Amino acid sequence: MDFWRYLQTCILKSFPPKEHIERVAIDAKANGDINVDIFSASKKFESINLFLSDLNGNKLQNLPLKLSQIKNTKWHISTKAKNIKTWNPEKPNLYILNIELLDKNKNISHSVNERIGFRTVEVVEADGIYVNGKRIKFKGVNRHSFYPSSGRTTSKELSIQHVKMMKDMNMNAVRMSHYPPDIHFLEACDSLGLFVIDEVCTWHSPHLDTEVGKKIVKETVIRDVNHPSILLWANGNETGWNTELDDDYAIWDIQKREVLHPWNIFRKTNTMHYPSYHIFAYDSYAKDKIYFPTEFLHGLYDGGHGAGLDDYWKQMWNMPLSAGGFLWDFADEAVVRTDKNNILDTDGNHAADGIVGPYGEKEASYFTIKEVWSPIFIENRFIKPSFNGVFRVENRYHFTNLNECKILAKWVQFEGSKGTDKIKILSESEVKLPNLNPSQKGEFVVNKPNNWQSSDVLYLTAIDPNGMEVLLGVIQ
C-alpha cells in the first residue's frame, strides 16, 4: 500500500463520514466460508459489496452475498471465498476483506477493510484443540507487556522482536498474561504466526466487580475479535475467576471462541499450573479434560526453563489429552531506576523469571527450548565405525510436510591446541528429507565422505521452508 493511500485510510478511520460503518466482526473459516456482522446506525445504506484482496491491495475475487439480514443497527452477511490459503502459525496466510456500503444509486457511501486469516478452531471435549482439523500441542510462553526504559508502554518494533524470538525458539503460542496486549503485538502474531490466548484478568488483585468486568470483556472482544491468531479467551487467573462473565464473551464474539479459566478445571479444559512431573507420568486426575497448564516450569523456582523441559515435553507429547503448555515466562521484568543511578530493578527475585533478560538477552535455556521444541525431531545416534548414515526422524509440525524442509550435513574436524579453536570442514552436503505428513515417522540418510572417520563431529542443521534454522544437532 503506497503512502498516500495509507494516509487516506488513517484519516478515514479517524474522521469517518457522518453515515459510516462503526465496526465489523468477521468469522473466516478454513473452508472459505465468511460471516460478517456490520454495525452501522445509518439508514441510507441500501446494499453491500464485498471483495477479497491481498496485503498489497491487489483485488483477488469478488464475494457473492449468500445471505444478507438487517436487524436494528447490524447487518449480517454470509459469503464464500474460493481457492484460499488457510492461516496457521507455520503458514500465516493473510488477506484483506474489503467492505463497501452502497447507497440507492450504487455509489460507495463508506468502506472499510480488515486483515483476516481463514482458519477454523474447535475444542473437542475429551479429545483436543483443533485448528483446521489438526490437533494442536501448544509450545507456548507467557508474556508481559514490559520494557526497562518504558515500563508497560511498548512499541511495534518491540512486539515484532519478541514474536520473532518466540518463533526462533520453535514456539507456536503465547498467552497474554494477564491483560489484553497492544494491538501491534496481536498484529505481529497474525503476520508472523503465533497462536494466542487473549486474557482479561477478571478476578485477580484487586478484584474486578461484575459491572466493570462486563465492560472490559466487551471492549476486549470488540477490539480483538478479528485477529486470526486468537484461539481462546481467558477469564481470570490464579486468585480466581468471575464466573458471571463467562458467557459474556460469546455475546460479542461472532466466532464464539471458547473461554477457559487459567489454573482451573473448567468446562472442557484443565489448565492447572505448575504440575509435578508425576501428573504427566501417570496421567491427569481430571482424566476427561484437555490438559494444558497455562503456566509451568517457573523460570525462577525451577532452575531455568530448560532444566526440566525435555522430561516434561516427552510426557506432554505422548499423553493423549495433553495440549502442551505455556512456560512462565518470556522475559525478566526490570525497570530502569533513574533515582538509583540507572540500575535495573527486578524487585529482588520477584521479576527475574524470564527465558531472556530484560532487554532480550538470551540465556542458556533459550537454546535448550529451541532444541526440545524443534518440529523436526531426530532420534539420537552415536557415530561408531559401523555407522551407516541412517537417522530416524519424526515430523512434529502440525501443518508442514517434512519434505518442505531441508537438512545441511557438515562433517567437521577440530584443530588447535584446545581442540575447538579452529575447525576444518571435511565435507558439506544437503540432505533430502522424506515425504512425511505431520506426526509421521521415517528415515533419512547422510552421505559419508571417504574421510568421514577422520571427523570429530557431524553437524546437522535443519532449515524450515522460510529459511529459518529450527535445529542444530551435534552428533559425535
Side-chain angles (χ1 to χ4, degrees), residues 140-171 173-189 192 194 196-201 203-208 216 220 234 236-239 262-263 273-274 294-309 326-373 418 469:
V141 69
N142 287 270
R143 187 252 188 185
H144 277 305
S145 298
F146 201 86
Y147 197 67
S149 58
S150 59
R152 298 294 181 194
T153 302
T154 64
S155 66
K156 180 178 180 180
E157 180 182 10
L158 184 66
S159 290
I160 293 172
Q161 175 189 333
H162 282 185
V163 173
K164 283 185 174 180
M165 292 177 75
M166 293 173 191
K167 295 280 291 184
D168 186 52
M169 284 187 280
N170 290 317
M171 295 174 175
V174 58
R175 174 189 172 209
M176 303 289 88
S177 50
H178 303 286
Y179 40 82
D182 296 294
I183 292 175
H184 47 69
F185 186 82
L186 292 174
E187 290 174 341
C189 293
L192 297 174
L194 276 180
V196 171
I197 294 177
D198 201 359
E199 185 163 306
V200 173
C201 200
W203 205 284
H204 205 48
S205 181
H207 290 174
L208 186 66
I216 294 178
T220 299
N237 191 38
E238 291 175 347
T239 58
W263 201 50
H273 289 178
Y274 305 106
T294 36
E295 295 177 25
F296 81 109
L297 287 182
H298 196 290
L300 179 63
Y301 303 114
D302 291 342
H305 296 81
L309 181 58
F326 293 77
L327 297 169
W328 184 272
D329 66 349
F330 175 68
D332 294 342
E333 294 165 62
V335 64
V336 176
R337 291 292 298 269
T338 56
D339 60 333
K340 292 186 177 182
N341 200 29
N342 293 326
I343 67 166
L344 287 175
D345 186 354
T346 58
D347 189 27
N349 68 356
H350 291 150
D353 48 15
I355 300 167
V356 301
Y359 289 108
E361 304 94 329
K362 297 176 182 178
E363 301 172 4
S365 285
Y366 184 100
F367 303 98
T368 301
I369 293 166
K370 180 171 183 171
E371 179 180 349
V372 173
W373 275 349
K418 294 182 181 179
E469 177 188 301

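Everything quoted here is computed from the prediction, not taken from an experiment.
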*Find the distance between CZ (R143) and CZ (R175) and round it off to the nearest 0.5 Å.*
14.0 Å
_To check you understand the geometry: which heavy-atom pair defines the closest contact between A173 and L194, and what is its length?_
N-CD2, 3.5 Å
*asked:* For a quick test of reading the model, state the closest non-hydrogen atom pair linking D198 to P180 and the distance between them.
replied: OD1-CA, 3.6 Å
*Distance in Å, M176 CE paired with E199 CD, rounded so as to fall on 0.5 Å steps*: 9.0 Å
*Considering residues at least two apart in sequence or located in another chain, which fulfil the side chain to side chain contact (heavy atoms under 4.5 Å, CB included) criterion with V335?*
F146, R337, D345
*Spatial distance of atom NE2 (H184) from atom CG (L186) [nearest 0.5 Å]*: 9.5 Å
*Identify whether the distance between the nearest side-chain nitrogen and carboxylate oxygen of E187 and K156 falls below 4.0 Å.*
no
*asked:* Is it the case that the side chain of K370 and the backbone of E469 share a donor-acceptor pair, with hydrogens and angles ignored and the cut-off at 3.5 Å?
replied: yes
_So, taking the atom named NE2 in H144 and the one named OG1 in T154, what distance separates them when rounded to the nearest 0.5 Å?_
13.0 Å
*Would you say the side-chain atoms of N142 pair up with the backbone N or O of L327, donor to acceptor, closer than 3.5 Å?*
yes
*Minimum heavy-atom distance between S145 and Y179, given as atom pair plus value*: N-OH, 3.0 Å
*Ring centroid separation for H162 and F185, is it under 6.0 angstrom?*
no
*asked:* Using side-chain contact (heavy atoms from CB on, under 4.5 Å), reason through T368 and L309 one step at a time and then give a plain yes or no.
replied: CA-CA 8 Å; T368 301; L309 181 58; 5.6 Å; no
*With a 4.5 Å limit on heavy-atom distance, are the side chains of F330 and V174 in contact?*
no
*asked:* Take a 6.0 Å sphere around CD of E363 and say whether it holds more than 12 heavy atoms from other residues, nucleotides or ligands.
replied: yes
*Could you state the interatomic distance from CH2 (W263) to OG1 (T294), rounded to the nearest 0.5 Å?*
10.5 Å
*Write down the atom of E295, the atom of N237, and the distance for their closest heavy-atom approach.*
OE2-OD1, 3.8 Å
_Nearest-0.5 Å distance, CG of residue L297 to CG of residue D329_ = 12.5 Å
Identify each donor-acceptor pair in which a side-chain atom of residues 350-362 lies under 3.5 Å from a protein atom, sequence neighbours left out, and give them as a table.
{"from": "H350", "atom 1": "ND1", "to": "D347", "atom 2": "O", "distance (Å)": "3.3"}
{"from": "H350", "atom 1": "ND1", "to": "D347", "atom 2": "OD2", "distance (Å)": "2.8"}
{"from": "D353", "atom 1": "OD2", "to": "W328", "atom 2": "NE1", "distance (Å)": "3.1"}
{"from": "E361", "atom 1": "OE1", "to": "Y359", "atom 2": "N", "distance (Å)": "2.9"}

_Ring centers of H305, Y366 separated by less than 6.0 Å_ = no
_Working for side-chain contact (heavy atoms from CB on, under 4.5 Å), residues E238 and Y274_ = CA-CA 11 Å; E238 291 175 347; Y274 305 106; 3.8 Å; yes
